[in-house]
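Note that the structure is predicted; figures quoted are calculated from it, not measured. Convention: sequence-line order gives letters A, B, ...; per-chain numbering from 1.
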Amino acid sequence: MSIVTVQLGQCGNQVGHELFDIICSDALEGQRKVYSTASCERFFHQTTHGDLVARAVLIDMEPKVINQSISRAAKSGRWRYGESSHFSQKQGSGNNWANGYCVHGPRHRAVVEELVRREVERCDRLAGLMAMMSVAGGTGSGVGTYATQCLRDIYPKSFILNHLTWPYGTGEVIVQNYNSVLTLAHLYQLSDAILVHENDTVHRICSQLLNIKHISFGDVNGVISHQLGSILQPALTADSHGVYSRNPLGELVSALTCHPEYKLLSVCTIPQMPSIDWQVRPPAGSERTRTFTGPSFNISLANLLILRGKEVYSAETGGFEDPALYTSWLSSEEAFNLWKSPVPFNKYEKCATLVSNSQALLRPLDNMVGKAWNMFASRAYIHQYVKFGISEEDFLDSFTSLEQVISSYSQLS
Amino acid sequence: MTQSVVVQVGQCGNQVGCRFWDLALREHAHVNKKGLYDEALSSFFRNVDSRESDGAAHVVGGRIQHLKARAVLVDMEEGVVNEILQGPLREMFDSTQLLTDVSGSGNNWAVGHMTYGSAYREQIVDKLRKAAEHLLSLLEEEFPEVCRIVTSIYPSAEDDVITSPYNSVLAMRELTEHADCVLPVENQSLADIVDKIKHMSHSGKPGSAIRRDSTLISGQGGLSGPEKPFDAMNNIVANLFLNITSSARFEGSLNMDLNEIAMNLVPFPRLHYLVPSLTPLYTLADVSVPTRSDAFNKDHQLIRADPKHSLYLACALMVRGNVQISDEGWKTGLCSVPPVGHSHALLALANNTCVKLTFTELRERFFKLYKKKAHLHHYLHVDGMEQSFFSEAISSVSSLIEEYQHLDATKGTLMLDAPRLRIAR
């Protein structure tokens, strides 16, 4: 079953390109026929000449980034984007969510829907849709939210996963907190699961674990796509009966987002090592147990552990079923899910990925809402949104929705 | 890449504008070795085949045939525009982009606005529309939504035009009401910067030899001939414009378009005056890296207000070249292509309440004339011009100053977090 990816805005298109690149090299690595076939089918379609073409639609309101992504993919020689699978304008959204959601989104709705429809029809079976975007800017956040809404209308029964990149807390865009609040509040009603990467967290990984001295967005995007790839590549699940799961998004959603109030997912991977060719052994001893950070830890609703590489069948994962980790209204056997793949991923001899629906994102979310609320108290920048059709009422509705989410997560015990 | 149209108005506007086009060509030539009409070029230039009669523009990707600037040149006397059309940049503009009238406005804003404004309004809009027609047709519908960024030169206190305070105040009213964002530039600051650079290059200190093509005042490598008096100063403003538009013209890991600048730096509609500052002003013969604090040094600013004792409402940093931004906290733009002759450059745009001082001084100079009704009759003689225009304009400036004042008063007081919404359980 195949996933159709929609890359939106600068971030969505930059990260999306990295993701397909990693997936393709992982899929074509070595002699792993079954894995390779499954992975290629999931993310690429093959032309009559044997070219791998990404099952992706690239959307942006200005053309530079899309052009860059398309040409870099073509240069790789291993895969490319479809020739007409992209749509861009010459204008940008000016970091304005309202401009993206109220103006660009509706204006280009037909084109975007058509592009997605074409990709979907190329799939034998659709596993679901993944939209990739940032929440800080104008196109990814505004157009991305509108596009998700359209896709939800057209494909009401399909799984929709939104991959979001949250900006650095201290800012890349001054109005980022407004854009983030509006995006999250709307997506919560539309999405099946919201998988989040925070630039701050990924930056720390780059500096502390990967020892990168001067961290660029390229490095950040590399880590994000490694982690995403490790979730989305083929794996054996409890329900897949000995073959690679054919319903990755469905299984992800049913494992982790069983309750409509709780849709935020965070991810971490071990090991994170600088990219090297020789095989790496993770620390011996407590092989794959999770370490609790600090005296109090985040309560989880559900966890999904994905093991890839050597010795997956003998890994000891009992520690993840400790009831103390979970909320009381789900048994830990149901809350904890385990996927495996004996095939090493992205040249890591062994790697483990933990996708969590937990309080891990609570503090960053609360900070984001708090800052947006303070700015809203002085009504700074509001005229910029009103100009394009988002009113103070709309802001208040979004704040209310997110306070609800914050309250739900805070009360997990 | 967003596409933009540059409107150059008056002698100053056209002279600065031409320096911009000259330097922009130089920048693009430096990067675009293959002579292809790429996306970067298309943001500010059209590519036309002069053999085709309708001059239809070619799409991106082909070879450069003939570059035309996406510009409209407006002036009320022909002298300046004619000079441009005879100068080395003449190929860049065609006749549909020009708007001139013979008799000049005689330093009288009223004459310019009332008579020519109304008569030419249709024509001005038409010219703009023609330039825009070459862009995607979508832009036509969106005219009112298109972002208008104005770079305006404010006269120094010792100005050769006596009535400049009147003209400035009257113009400011329009700027406050109708521009999305204004970058005020003071001639005195430009002159100070030029002096500083000349002083540096002549100081004779070891290690202080400046690379000739790498100062902000140098037109070297461009098309124009020997430098004229205002050239050095105009070059600085042209560089400001180059840096602001660099992210629209070249690639980078975090693009910052013109409309993003207006969005992020204007929290309240009328308070849209941004203090620009540039660094480095020159590179020494041995390598040196601009420090970020230079960008906030008032010697690097293009207007004379001191931001240190005022309140920052918002700030943006546009970084060019291969520089890592390690701490955050403002609107940031990262463009991979540095200016010619430099390895990096930094442009800071600050929405800071210190501009109120600039406006306060302007108001004082205005009142000095207005109290005695000096030269007023020249303006009031023009059909349709009334004294109320003056009083409304100055009161617009006064209320603007007050709005900045009001925000300044909050400086230093501890802002408590606003109490959050509470959810009933």
Practice item. Heavy-atom distances under 4.5 Å only: say whether A:N67 touches chain B with side chain, backbone, both or neither. Key: side chain

Exercise for review: Looking only at non-hydrogen atoms, find the nearest pair between A:G370 and B:R420 and report the distance.
Suggested key: CA-NH1, 3.4 Å

Review point. Checking A:F376 against chain B: side chain, backbone, both or neither under 4.5 Å from a heavy atom?
Key: neither

Exercise for review: Tell me, please, which residues at least two apart from A:Q208 pass side chain to side chain contact (heavy atoms under 4.5 Å, CB included).
Suggested key: A:R204

**Study point:** Side-chain donor-acceptor contact under 3.5 Å, A:D219 with A:S216
**Key:** yes

Point to revise | Atom group of B:L313 that falls short of 4.5 Å from chain A, counting heavy atoms | key: backbone

Practice item. Pick whichever of B:V266, B:I261, B:N264 has the most heavy-atom pairs under 4.5 Å with chain A. Key: B:N264

Check your understanding: Measuring heavy-atom distances to chain B, does A:N199 have an atom under 4.5 Å in its side chain, in its backbone, in both, or in neither?
Key -> neither

Check your understanding: So what's closer than 4.5 Å to chain B heavy atoms on A:E403: side chain, backbone, both or neither?
Key -> both

Review point. How about A:Y101 and A:H186: are their ring centres within less than 6.0 Å of each other?
Key: yes

Review point. Does a sphere of radius 6.0 Å around CZ in A:R363 hold more than 12 heavy atoms from other residues, nucleotides or ligands, not counting ones at 6.0 Å or beyond?
Key: no

Study note, to complete from the structure: Honestly, the part of A:F399 sitting under 4.5 Å from a heavy atom of chain B is both

Exercise for review: Mind telling me whether B:H28 and B:F45 have parallel, tilted or perpendicular rings, with 30° and 60° as the class edges?
Suggested key: perpendicular

